[in-house]
Amino acid sequence: MNEALPEKVQLPGEVKLHHIGFVVDSIEESAVSLAMSLGASWDKNVICDAVQKVKVTFLKGHYSPEPMIELVEPAGPDSPVSRFVERGGGLHHVCYEVEDLEAHLAYCKKVRTICIRQPVPAVAFGGRRIAWAITPKRLLVEFLER
C-alpha cells in the first residue's frame, strides 16, 4: 500500500542523513574489523555519554559527504541498548540532522512519528541536542540539531 503524506504537511527545513547507528558489545573489539569491512576509517576516538548511558565512536567513509557509521556500546547494565546487545546487537537507528529540532518534532507528530525521548544535549556532537522518535513502521530515528 502506498502511503502518501497529507498534502498540508510541510517538511520544516532541510533534513540530511547524518549517520547509521550500529550496536556492538565492544567498540574496541568491533571497530577495526567493521571499518575494514566497510572500507572506512576509524580515528579510535571513543566518547562516553553519561546522559545516554552509552559509549560511541564513528567510522568515516573515504568520501566526506557520506553518512558515518556510529558504533554504540552500552556504558553499563542500565544502558538503553543493553537489551539490544543481549539479542545480538546490530543495526539500531538512523540519524537525521535537522535545522530546527522543535519544528521537526512538531512535523513528526503530524506524520504519526512518536517522540520517545525529548531533546537533550549530546556529548558526541559538542552539546548539540538530539531527540529520539519511532515511525509508524517501527524505525528508530535520532534527530540531531544542526
Side-chain angles (χ1 to χ4, degrees), residues 1-25 27 30-31 34-76 78-146:
M1 178 160 81
N2 189 4
E3 295 179 41
L5 288 176
E7 282 188 40
K8 295 186 180 186
V9 178
Q10 294 280 340
L11 192 62
E14 188 178 321
V15 177
K16 177 184 170 193
L17 182 59
H18 186 270
H19 69 264
I20 298 167
F22 197 85
V23 174
V24 296
D25 59 351
I27 288 172
S30 305
L34 279 170
M36 285 184 353
S37 296
L38 299 171
S41 62
W42 180 45
D43 63 8
K44 298 183 181 169
N45 183 28
V46 177
I47 301 158
C48 187
D49 187 330
V51 173
Q52 300 294 316
K53 300 178 183 174
V54 294
K55 295 177 187 175
V56 301
T57 196
F58 293 91
L59 307 179
K60 295 178 179 134
H62 293 288
Y63 179 62
S64 63
E66 248 176 31
M68 295 179 284
I69 300 294
E70 178 186 38
L71 302 184
V72 183
E73 174 187 331
D78 62 341
S79 170
V81 297
S82 291
R83 286 185 38 211
F84 199 81
V85 165
E86 289 170 10
R87 293 188 303 251
L91 186 60
H92 185 255
H93 70 274
V94 294
C95 176
Y96 283 92
E97 190 174 37
V98 299
E99 288 182 30
D100 180 334
L101 192 53
E102 276 75 21
H104 198 81
L105 292 175
Y107 165 82
C108 285
K109 189 174 183 179
K110 291 176 186 174
V111 296
R112 300 184 340 259
T113 293
I114 300 166
C115 182
I116 58 173
R117 291 204 63 199
Q118 293 298 316
V120 294
V123 175
F125 306 114
R128 291 190 289 163
R129 295 178 312 148
I130 59 171
W132 292 88
I134 192 152
T135 71
K137 298 291 185 181
R138 302 191 46 78
L139 175 64
L140 183 61
V141 184
E142 177 182 19
F143 293 108
L144 170 62
E145 179 173 62
R146 184 164 293 124

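None of V81, V72, V23 except one satisfies the side chain to side chain contact (heavy atoms under 4.5 Å, CB included) rule with H93; the exception is V72.
When side chains are defined from C-beta on, V51 does not count as touching V123, because their heavy atoms never get closer than 4.5 Å. Looking at V141 and T135, their side chains come closer than 4.5 Å, going by heavy atoms from C-beta outward. Taking the side chain as every heavy atom from C-beta outward, L140 and I116 approach each other to under 4.5 Å. In this structure, E102 and P119 have side chains that are in contact, with non-hydrogen atoms separated by less than 4.5 Å. In this structure, the side chains of L38 and I69 come closer than 4.5 Å at one or more pairs of heavy atoms. Taking 4.5 Å as the limit, every side-chain heavy atom of E70 sits out of range of all side-chain heavy atoms of H92. Side-chain contact between I134 and L139 is absent, with no heavy-atom pair separated by less than 4.5 Å. Between I130 and Q52, some side-chain heavy-atom pair lies under the 4.5 Å cut-off.
Of the inter-residue distances, the one linking W132 atom CH2 with L105 atom CG reads 13.0 Å to the nearest 0.5 angstrom. Note that CG of D25 and CD of E86 are 11.5 Å apart. Values are rounded to the nearest 0.5 Å. Here the NZ atom belonging to K44 is positioned 14.0 Å from the CD1 atom belonging to I27, to the nearest 0.5 angstrom. If you take CG on L34 and OG1 on T57, they are separated by 11.0 Å, rounding to the nearest 0.5 Å.
Between G76 and S82, the closest heavy-atom pair is O-OG, 2.9 Å. The shortest heavy-atom contact between F58 and W42 is O-CD1, 3.6 Å. When all heavy atoms are compared, the tightest approach of A103 to P12 is O-CG, 3.6 Å. Contact between D43 and N45 at its shortest, heavy atoms only, is OD1-N, 2.9 Å. Closest non-hydrogen pair, C95 versus L17, comes out as O-CD1, 3.5 Å.
Taking a cutoff of 4.0 Å between a charged side-chain nitrogen and a carboxylate oxygen, E145 and R129 qualify as a salt bridge. Of the charged side-chain nitrogens involved, none lies within less than 4.0 Å of a carboxylate oxygen, so that E66 and K60 do not count as a salt-bridged pair.
Within the 3.5 Å criterion, the main-chain N or O of K53 finds a donor-acceptor partner in the side chain of S79. With E97 contributing its side chain and L144 its backbone, the two residues share no donor-acceptor pair below 3.5 Å.
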Could you walk me through whether L59 and L71 satisfy the side chain to side chain contact (heavy atoms under 4.5 Å, CB included) test, starting with their C-alpha distance in whole Å, then the side-chain angles of each, then the deciding distance to 0.1 Å, before giving a yes or no? CA-CA 8 Å; L59 307 179; L71 302 184; 4.2 Å; yes
Check the pair H18, E142 against side chain to side chain donor-acceptor pair (under 3.5 Å), reporting the backbone distance first and the verdict last. CA-CA 10 Å; H18 186 270; E142 177 182 19; over 6 Å; no
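Separation of the H19 and Y96 ring centroids does not fall under the 6.0 Å cut-off. For Y107 and F143, the gap between ring centers reaches or exceeds 6.0 Å.
Counting non-hydrogen atoms of neighbouring residues, nucleotides and ligands closer than 6.0 angstrom, the CZ atom of R146 exceeds 12 such neighbours.
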